[in-house]
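Notes follow the structure.
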Amino acid sequence: MSIVVTGATGHLGRHVVRNLLEKVPADQVTAVVRDRDRAADLAALGVRIAVADYNAPETFDGLFAAGDRVLLVSGNEFDKGRVRQHTVVIDAAQKAGVALLAYTSAPESLKAALADDHRATEAVLTGSGVPYVLLRNGWYHENYTEQLAPVLEHGAVVQAAGDGRVSSASRADYAAAAVAVLTGEGHENATYELGGDEAWSFAEYAAELSRQTGREIVYTPVSVEAYTGILTGAGVPGPLADVFAGVDASIAKGELVVSTGDLSRLTGRPTTPLSEAVAAALKG
Ligand SMILES: NC(=O)c1ccc[n+]([C@@H]2O[C@H](COP(=O)([O-])OP(=O)(O)OC[C@H]3O[C@@H](n4cnc5c(N)ncnc54)[C@H](OP(=O)(O)O)[C@@H]3O)[C@@H](O)[C@H]2O)c1
């Protein structure tokens with residue numbers, strides 16, 4: 001029996017593996033990675049490394065064992081058919097008879113195109129007969145705090161989100177929720193709507209940046225069309241720019257406010273405030 005984490009060399013996956021090691025011995029943890037060399041730090045922690053690719057079903061043959069608890073971290077290859085990719089993992093988990101498969105999804109309230117793959121994957125998973133957990137992760141603070149260079153350069157947060165609010169949390173918070181589910185009991189076939197305790201607006205985010213940098217940083221709301229143009233002008237491919245701009249349109253409609261309290265309840269602590277993520281990012 002192992003706790004198996006896919007996407008283990010990704011940002012969220014690394015948090016999950018490290019957090020798991022505070023709860024279970026390393027020999028009970030398997031990190032699924034695409035590139036063994038990039039997993040050297042994880043191997044050094046004593047976890048088992050398995051190499052597999054969502055695009056190659058045969059790489060998942062025999063990877064899972066009966067009774068395993070699995071975290072399927074959703075992929076990031078938007079152009080490669082993520083539902084098909086995720087189905088590869090779900091099929092392998094079903095075949096092996098895993099005890100639990102938790103999937104990192106998106107909030108039910110999010111209607112942007114970005115959520116389509118998640119809804120379709122959820123349907124595959126819930127129809128598979130595998131005991132599942134839907135971790136409907138809200139937005140990461142880091143989506144913004146790791147993109148500060150242009151904001152600091154221009155003294156402006158430019159988004160197409162109007163006065164919309166976002167209840168984001170840190171990746172570490174979502175990772176802790178995943179670990180709670182993977183190491184806890186009684187989560188079979190549960191759905192969690194996960195988000196930060198505090199929702200904030202981009203005007204408040206700009207004010208927080210001003211406070212912490214001592215410089216004037218303003219929020220400049222723009223239209224969805226203008227925002228798409230700014231993104232493509234900065235080199236973001238058109239289809240991806242549409243996806244990002246679509247998320248802003250959703251934020252404007254309040255679709256990324258999650259007020260269930262599920263995240264702090266699962267982790268047993270308040271979620272990380274946005275101000276802390278800003279401070280961490282400014283420190284570099
Ligand atoms: N809630 C949010 O705000 C938010 C924001 C961004 C993304 N997401 C979603 O949440 C996921 C985790 O977030 P993150 O920050 O950890 O993203 P990330 O750092 O981009 O990690 C994505 C992980 O998926 C793995 N992966 C992608 N394609 C794969 C494939 N074909 N086969 C096997 N593994 C594959 C990557 O492997 P490598 O390490 O080998 O590249 C990586 O480990 C993302 O992939 C995305 O679906 C959520």
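Heavy-atom basis, side chains included; hydrogens, waters and symmetry copies ignored. Remember, it's 1-based here, ligands and their atoms both numbered in the order they're listed.
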ask   = What part of K80, side chain, backbone, both or neither, has a heavy atom within less than 4.0 angstrom of ligand 1?
value = neither

ask   = Taking atom OG of S250 and atom NZ of K253, what is their separation to the nearest 0.5 Å?
value = 5.5 Å

request  = Look at atom 19 (O) of ligand 1 and find which of H11, H86, R136 reaches it with the closest heavy atom.
outcome  = H11

key: Salt-bridge criterion met for D41 and R18 (N-O under 4.0 Å)   = yes

ask   = Which value, rounded to the nearest 0.5 Å, describes the distance between T6 atom OG1 and Y54 atom OH?
value = 3.0 Å

message = When you compare ligand 1 with N76, is there at least one nitrogen or oxygen pair between them that comes in under 3.5 angstrom?
response = yes

task = Examine ligand 1 and decide if any of its atoms is less than 4.0 Å from a heavy atom belonging to D53.
result = yes

key: Partner of S168 by side chain to side chain donor-acceptor pair (under 3.5 Å), out of Y144, W200, W139, Y140   = W200

ask   = Among protein heavy atoms, which lies nearest atom 41 (O) of ligand 1, and at what distance?
value = R34 NH2, 2.9 Å

inquiry  = Within the 4.5 Å heavy-atom criterion, are T9 and R34 side-chain neighbours or not?
reply    = no

request  = Run the contact test for R82 against ligand 1 with a 4.0 Å cut-off on heavy atoms, strictly below, and give the result.
outcome  = yes

task = Could you establish whether D35 and ligand 1 come within less than 4.0 Å of each other, counting only heavy atoms on the residue side?
result = no

task = Write out the residue and atom name of the closest protein heavy atom to atom 23 (C) of ligand 1, then the distance separating them to 0.1 Å.
result = G7 CA, 4.0 Å

query = Hey, which atoms in ligand 1 end up nearer than 4.0 Å to a heavy atom of Q85?
reply = 31 (N)

ask   = Between S74 and ligand 1, does any nitrogen or oxygen pair lie at a separation below 3.5 Å?
value = yes

ask   = Do any N/O atoms on G13 end up under 3.5 angstrom from N/O atoms on ligand 1?
value = no

task = Would you check whether G10 has a nitrogen or oxygen atom less than 3.5 angstrom from a nitrogen or oxygen atom of ligand 1?
result = yes

key: ligand 1 contacted by G138 (non-hydrogen, < 4.0 Å)   = yes

query = Considering all protein heavy atoms, does one lie under 4.0 Å from atom 17 (O) of ligand 1?
reply = no

ask   = Could R165 and E204 be called an ion pair, given the rule that one side-chain N must be under 4.0 Å from one carboxylate O?
value = yes

ask   = For ligand 1, is R38 a contact, meaning one of its heavy atoms is under 4.0 Å away?
value = yes

message = Using modelled atom types and a 3.5 Å cut-off, is there a donor and acceptor pairing between side-chain atoms of T220 and backbone atoms of V158?
response = no

task = Report the distance from atom OG of S275 to atom CD of E208, rounding to the nearest 0.5 Å.
result = 5.0 Å

ask   = Could R69 and E185 be called an ion pair, given the rule that one side-chain N must be under 4.0 Å from one carboxylate O?
value = yes

task = Do me a favour and list the nearest non-hydrogen protein atom to atom 39 (O) of ligand 1 with residue, atom name and distance?
result = T9 OG1, 2.7 Å

query = Hey, mind stepping through T145 and Y205 against side chain to side chain contact (heavy atoms under 4.5 Å, CB included) and telling me if it holds?
reply = CA-CA 10 Å; T145 60; Y205 175 52; 4.2 Å; yes

remark   = Among non-hydrogen protein atoms, atom 32 (N) of ligand 1 lies closest to Y54 N, 2.8 Å

task = Starting from atom 4 (C) of ligand 1, locate the nearest protein heavy atom and write down its residue, its atom name and how far away it is, to 0.1 Å.
result = Y140 CE1, 3.3 Å

Numbered atoms of ligand 1 (with element) below 4.0 Å of L12, judged on heavy atoms = 14 (P), 16 (O)

Side-chain ion pair, E193 and R136, N-O less than 4.0 Å = yes

inquiry  = Please determine whether a side-chain nitrogen of the Lys or Arg among D262 and R265 lies less than 4.0 Å from a carboxylate oxygen of the Asp or Glu.
reply    = yes

query = To the nearest 0.5 Å, how far apart are CG in L125 and CG in L72?
reply = 8.0 Å

inquiry  = Taking distance alone, with N or O pairs closer than 3.5 Å, would you say E77 contacts ligand 1?
reply    = yes

query = What about V73: any of its N or O atoms under 3.5 Å from an N or O on ligand 1?
reply = no

ask   = Does R171, backbone or side chain, put an N or O under 3.5 Å from an N or O of ligand 1?
value = yes

task = For the pair S2 (side chain) and Q28 (backbone), establish whether a donor and an acceptor sit closer than 3.5 Å, ignoring hydrogens and angles.
result = yes

key: Within-cut-off N or O pair, G75 and ligand 1, under 3.5 Å   = yes

